[in-house]
Every structure is written in structure tokens, then in C-alpha cells.
Asks: 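Could you have a look at this structure, given as C-alpha cells, before my questions?
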2 protein chains.
Amino acid sequence: MTLKEIAQRAGVSTATVSYVINNSGHISEETRKKVQDIIRQTGYRTNKLAGSLRKNRTGLIGILVEDITVWHTPYIIDGINRLADEKNCYTILSNLQMVRKIDNSFDKLTGFQKDIDKAVQTLLGLQVDGIIYIGMHDRLMDNVLRKAGKPVVYCYCYTADGEASSVRYDNEKAEYRITRNVIDRGHRRIALIGGYVTSEPARLRRKGFLKALQEAGITLPKSWDECGEYDFQKGKAAAIRILTGKDGGTKKDLLPRQERPTAMVAMNDEMALGVYNAAAELGLRIPEDLSVTGFDDAEFTQQLIPPLMTAQRPLHKMGYSALSLLLERIEDESEQVTNIIYPCRIIEGASVSDFRTGDSTVKDDRKTEENGT
Amino acid sequence: MTLKEIAQRAGVSTATVSYVINNSGHISEETRKKVQDIIRQTGYRTNKLAGSLRKNRTGLIGILVEDITVWHTPYIIDGINRLADEKNCYTILSNLQMVRKIDNSFDKLTGFQKDIDKAVQTLLGLQVDGIIYIGMHDRLMDNVLRKAGKPVVYCYCYTADGEASSVRYDNEKAEYRITRNVIDRGHRRIALIGGYVTSEPARLRRKGFLKALQEAGITLPKSWDECGEYDFQKGKAAAIRILTGKDGGTKKDLLPRQERPTAMVAMNDEMALGVYNAAAELGLRIPEDLSVTGFDDAEFTQQLIPPLMTAQRPLHKMGYSALSLLLERIEDESEQVTNIIYPCRIIEGASVSDFRTGDSTVKDDRKTEENGT
DNA sequence: ATGAAAGCGCTAACAA
DNA sequence: TTGTTAGCGCTTTCAT
């Protein structure tokens, strides 16, 4: 069933039918009703692609993801979908499947220009109006879509300022606020369990952590400045070293209270979980004997006992916002390049004790990120 | 740059250029080279949509997901992408975002026909060649895409036999094999921590569990047949009831050894984690004092100490296979409806002790699901 | 081996 | 208010 056939049945021209369908032009109520009835009867559905051919606008958005199986990606896509539904645009998903190709090494995240170019060419061949690129690690990267010649927004990664719009979250401030929170509860002896040194979030989170310490006039002993490479086991090992002064110690190796930190700031939730484990092995209670914080708001943090204090990344909102920026640029090519950095929400789990009140139980009003972006 | 312009520059007809691009027709080497050179020089890229209009075939596949943020969905999509890349077809993602709409209640998974119809109409309007529907819970459902009039494959859910193709995994056999494994290691006192009673996987897993018990001549005491609703906290509470005979017991409430199970089969990994917690609270070591199994192969199971015995669902393969079935039907409409059920891979974590050898440490050769589907 | 030309289903300028 | 008509960029039949 085509628009032409509808026109014939209704005894009007194709233009009239087109006007009715698109609410354009000036159509009499009578004609409109007649046409709509026939459309309903026949179950006619317009061929969007044919229209696009003429209009040179498809309403298609390319979502180019480095890897869809990486934890944050689907949440970002979900945010994109949310706005796409509102704006009647459609998403073509292109998945570079980098995890498989790089074998999980953070350092090989380059040299994919050929894969990317191919994916972009495909998307452009499908006449997408613009592209959102979702990174698998938050980082500064080449403007790999420079040649696209269509509006582009980077999400969960970014390029040199001014080159393209991007949407990120604020690593530094979030870690600062977490650390501040810990300090405000009376902690002065605080250790750090860091992520991959080459990773940008690790660098930023460290910066935020140190800033909070500095503001409070606290110094970080060298032996409390460990690296856990974002890994559970390594995080646990780091915690044990800090708490015992030895590699792989047990209960009896535990340092005297005044030589141990009262709190540990881990740069992600996995390592925080490692700290929980280390504490359990050493017979330390959380948070009475040791406070812990994480980062990322992994699902399991809600189920730990006690719940973990962590930072929730605004993933849904980042996706929503990325599409919003993209659509603006599609509407108006002259639109400014915009680089957005959203704050995280700090989830105040009960994993940090409060020395001021002596009460370690903290209100836990955690909700999942509001979808009402 | 259009095909027509290429033709002009090359001094040939548009037909010839089309032949060169598509390797069809009989073109002299000379002409071919000339055209190809010009294509390269100009950076011309063919407009796939325009071609589709004529061919009545787009190479577009609609992926209609109930919710992309549900754990298994991205892995299935990843499998689809894998084959899509090979076959040069493109995926349009439509996300029903059901989680938000049903507020996580398993029982409201119906009444979405309107949403689905709308999404399907949109996909059909974009001229997709077929649709893959990915469920958020494995279940029998209405053939909600009956009206699509295009090939459809259900994945991670299914409709009445013969109505449409589907791809699932074998809940019953996997739980059977897990339970067999536990029994084969010498366990006779085995408790069950079940999932939502209304959920089909729970029913099937239960069936597999009971079958293994029956074959071994083991009966399940009523008090060892608990329901944890797939939830961590409820799973933990169930474990405590089973181990102490009371709601919320502590170490001193622990039942005598001969009145406790030696193993607990939990129907998912979350609840298994609850069992780990319960055991820790009651001073029981895993697996020496209590063995545990899970289901689903959640990421954290690899990091538990000891690693959890669980069942890995063939998600990537399910996606790959769903697209494969779909493409067959697109090629040949007369193709049979096919319902595939893949087995799970049992991950032999060290969370189950072996009474035969006295050795509870089991080889742990876990790898992630092979991508080489 | 190559070209002319008729569409695919729709939109939009222009005419009536 | 409605109709005529010329495309959008490509494929494909039928001639040559």
C-alpha cells in the first residue's frame, strides 16, 4: 500500500495525502477526514525512507559505541533512547566490539581508526543526521570522527577543546566531595587505593582526593598511597598491605590502631569490595573499625552490608544530553561546540563512620538515578 | 556527490557506475578502473537508502528490546552485532524501557501491546527487513509481533510453538547439571533457595534441581525448600532460616551439623552471594562447612572467594543465532519456524566441596563465553 | 559491454 | 484548498 494508492482511493492527489499525513498545507476538514479514514481502513504506513530521500533528512542518529558490553554503555544508550522517543528520531547502533579486540588492556585503545572509519562510512551511507560516539573509557582522544562531515557528539570521552561537543561527568569533584564527606565525619587518617595510573579518571579522582586532604591540612603517608588497578584482588591486596604493613598478612599482623588509617578511599567499587574482604579477613568491622568509600555505584554496592558510600555517574542524563546537543547542531549547524561535565551524585552509604556523633549509621536514601532528565 | 555525477565525470552512464559499484553486469576492465579511480578521488559514498527504495530491501534489522539496561540484553545485542558486521546489515535499536514503566515488578510484563505496536510500526516504517525481539525476562509470551508481517525472531523469550522462531537457553538442564555436580561430589543434604515462584526460569530450574535429587534418591525436606525471590537480602535470610531454624539467627543459633544441609543450591548469583554472607555471619566457611551454587554467571562471581559454581548463559551466541535465523527467513520466507534452546556452560567454581577426595579446591578454568560463535 | 529510461514512495514548489 | 509535476539517488530492464 503506497501513498499513491491512498490518493486514488480517496479520489485526491498524492500531494493532498502527503499534506494530511504531515499536517502541512491547508486541507479542508472534510478531505482530511476522508483521507484519514482510508488510511485507517487500509492500515497504510508511510515509508519514512522514501520521504527522507526527498527531504535529505532521515531522523536517523548513529550511535557508535566502543563496546556495548561495557557496564556504562547501555545506561547511556537508554538516555539517548529516552529523548529519541520524544523527538521521533531513530537510532542505528554500531558496535566496535573493542573489548574483544583489545583483550581488556587499557593501553591499546588507539589504532582503531580504520574500524571507526569503516563504521562511520557505513553510518553515513545510511544517511544518519549525526553521530554520538560512546567511549568505553573516559579519556581524551583523537577527534576520530573529524571526517564525518556531520554533527558529532562524544559521550564518556572527549576530544581537544573546540573540536567537537562532548558530555562527561566530573571525576575530580566527585572524589573531592566523597573525601570531604569522610573528613567532615572526623576522619584524619585516610588511605587511598588508586586505579590504573595511566587512566584519566584515576588521575582526576586522585586530584580531587588530594585537594580535599590538602584543604584539611592532612598529609598522605607514602605507604597509604597504593594502586589497585581498579581490580578487586589487587584492591584487597593493597588494603592488606596498608593495614598490616605486609604483603598478605593475617589477623595477627594487623598494625596497632594508631598506625592504621581509619578510612580508605577506593577509586572504584570493585576495589572497595576488596577492602570489605580484607577487613573481614583481618577481623575489622566496617565501619566501626574501618570506613570505606568506592566510586561508580555498581549494582552490588546496594547489597553490601553496610551499603557502600560511592559516587553515582549520571549515565542516563549523559546520553539524553548528548542527543540533545546533537539535535541542536543538526537543527542549526552554526551551533557552538559545547562540552558538558555533569556532577555525580554522592550516595551516602553507611560504610563511613561518624566520629563526631559516634554514630556510624547514616541515613541511606539511595535511589537510582532519576530518569526524569 | 551522487552516482550521477560520477557517471558524468567518467563519461559513462549511471548504469555503468552502478554495475561497477555492485560488481554486477559485464564491465570492461578499462571502464571499471576508470570509474573506480573517480570514485576514489571524489570520495563518493553510495546512498544505501536510495538503493533500498528501488530494491525493496534495506539490510536494516530492527532490534526491539524490552529494556537495554537489563543485564543480559547488551550481551545478546553484542552477538547480533557480530553477525551483522559479517553480513553487512545494520541494526536499528528500539528500546521499550520497560524497567522504568513497570517499576521492576515481574507481574506487569503484559499490557505493553500498545507500546510494542507503536515501536513495530516505527520499525516497519523504516523498512526493516525483520525484527529481533529481546525479552527482559525469559518467558512464554503472546506473539506480540504477529501483525508485523515481516520475519521475527524472539530471543530470551518465546511464543507458542510454531508461531515464531525463538532462541533461549536451557534452564532446567543447567540446574540439573549443577545439582548433579554437587551430588557427584558426595553431597546428600542439599537445600534449595528458589526464585520468584511466578517466574518461568524458577520453575524450570526447580524442575532440574528436583530431577537430579530424585535420580539420586534424595528427598528435599520442606524446611530446606525456601524462596528468595532472586533477591540478595531475601536469599541471605532464607539461608539463615535453613541453617539456624530461626528467622535472623546468629552463631549460637546454628543447628547441629546433622540437621543442616552441606550444600545450598541458589537459583541465581545474587542469592548465592546472600548465602556467602549468611555463612560469614554464622561463622561457616565456604566450601568446608557449606557448599554453594548460583546461576547466571554475574561478573562478581569471579571475584568471590572462593569463586562460585554457576551456570553461564550463552548470551552472545543467542544473539548471533537469532540474527542468523532471522536472515534465513528473510532470504527465504518459506523457511521453517525454529525454536532453539542452547545449553549453559557450567562454571566449576571452588564453592562446592568434594567429599570423595576431601579436597575442596577444584580446578577453575573459567573463561568468559567464547566469542567465536 | 554499455546506455536510455522507467521507476521505487514520497515531498514540495508552483500552478490552478 | 487542491492538483500537477519534477525530482531525491539509485537499480534494473531492455535496447543497442
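Below, read A as the first sequence line, B as the second, and so on, with proteins coming before strands; counting in each chain starts at 1.
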Asks: Think K317(B) forms a cation-pi with Y342(B), using NZ or CZ under 6.0 Å from the six-ring centre and within 45 degrees of its axis?
Replies: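 Pair K317(B)/Y342(B) counts as cation-pi.
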
Asks: Distance only, no hydrogens: is a donor on one side chain within 3.5 Å (strictly under) of an acceptor on the other, for N95(B) and D67(B)?
Replies: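 The answer is no; no qualifying pair exists.
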
Asks: Between E66(A) and M136(A), is there a donor-acceptor pair closer than 3.5 Å when you use the side chain of the first and the backbone of the second?
Replies: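 At least one qualifying donor-acceptor pair exists.
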
Asks: Students should find this one: the first and last nucleotides of DNA chain D, 5' to 3', lying under 4.0 Å from a heavy atom of chain A. What are they?
Replies: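 Listing 5' to 3', DNA chain D meets chain A from dT1(D) to dG9(D).
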
Asks: Output the distance between atom CG (L3(B)) and atom CD (Q8(B)), rounded to the nearest 0.5 Å.
Replies: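 L3(B) atom CG to Q8(B) atom CD measures 10.5 Å (nearest 0.5 Å).
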
Asks: When you measure from every atom of DNA chain C, which of residues 30-43 of chain B have a heavy atom less than 4.0 Å away?
Replies: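 Those residues whose heavy atoms fall under 4.0 Å from DNA chain C, taken from residues 30-43 of chain B in numerical order, are T31(B).
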
Asks: Applying a 4.0 Å non-hydrogen cut-off, can you work out what G11(A) is touching in the nucleic acid: base, sugar-phosphate, or nothing?
Replies: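 Sugar-phosphate only.
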
Asks: Can you check the L53(A) CG to dG7(C) P distance for me, whole Å?
Replies: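 About 17 Å, once rounded to whole Å.
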
Asks: Can you list every salt bridge (Lys or Arg N to Asp or Glu O under 4.0 Å) pair that touches residues 117-128 of chain A, not counting sequence neighbours?
Replies: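 Sorted result for residues 117-128 of chain A: D117(A)-K147(A).
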
Asks: Measure from CD on Q127(B) to P on dG9(C) and round the result to the nearest Å.
Replies: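 These atoms are roughly 9 Å apart.
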
Asks: Look at S13(B) and dG3(C) and indicate whether a side-chain polar atom (N or O) is within less than 4.0 Å of OP1 or OP2.
Replies: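 Yes, such a contact exists.
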
Asks: Each nucleotide in nucleotides 11-16 of chain C should get exactly one letter: B, S or -. Can you fill that in based on protein heavy atoms under 4.0 Å?
Replies: BBBB--

Asks: Here's one to test your reading of the geometry: is the NZ or CZ of R82(A) within 45 degrees of the ring axis of Y320(A) and under 6.0 Å from its centre?
Replies: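 Checked: cation-pi criterion not met.
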
Asks: Restricting to pairs with a member in residues 51-64 of chain A, which pass side-chain hydrogen bond (donor to acceptor under 3.5 Å, both in side chains), not counting sequence neighbours?
Replies: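 Sorted result for residues 51-64 of chain A: T58(A)-D129(A).
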
Asks: So, T16(A) and S13(A): side-chain donor and acceptor under 3.5 Å apart, yes or no?
Replies: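 Yes, side-chain donor-acceptor contact under 3.5 Å.
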
Asks: Kindly indicate whether the side chain of I6(A), heavy atoms from C-beta on, has any atom under 4.5 Å from the side chain of I39(A).
Replies: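 With C-beta onward as the side chain, the pair touches.
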
Asks: Of all residues at least two apart in sequence or in a different chain, which pass the ring pair (Phe, Tyr, Trp, His ring centres under 6.0 Å) check with Y169(B)?
Replies: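 Applying ring pair (Phe, Tyr, Trp, His ring centres under 6.0 Å) to Y169(B) gives Y156(B).
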
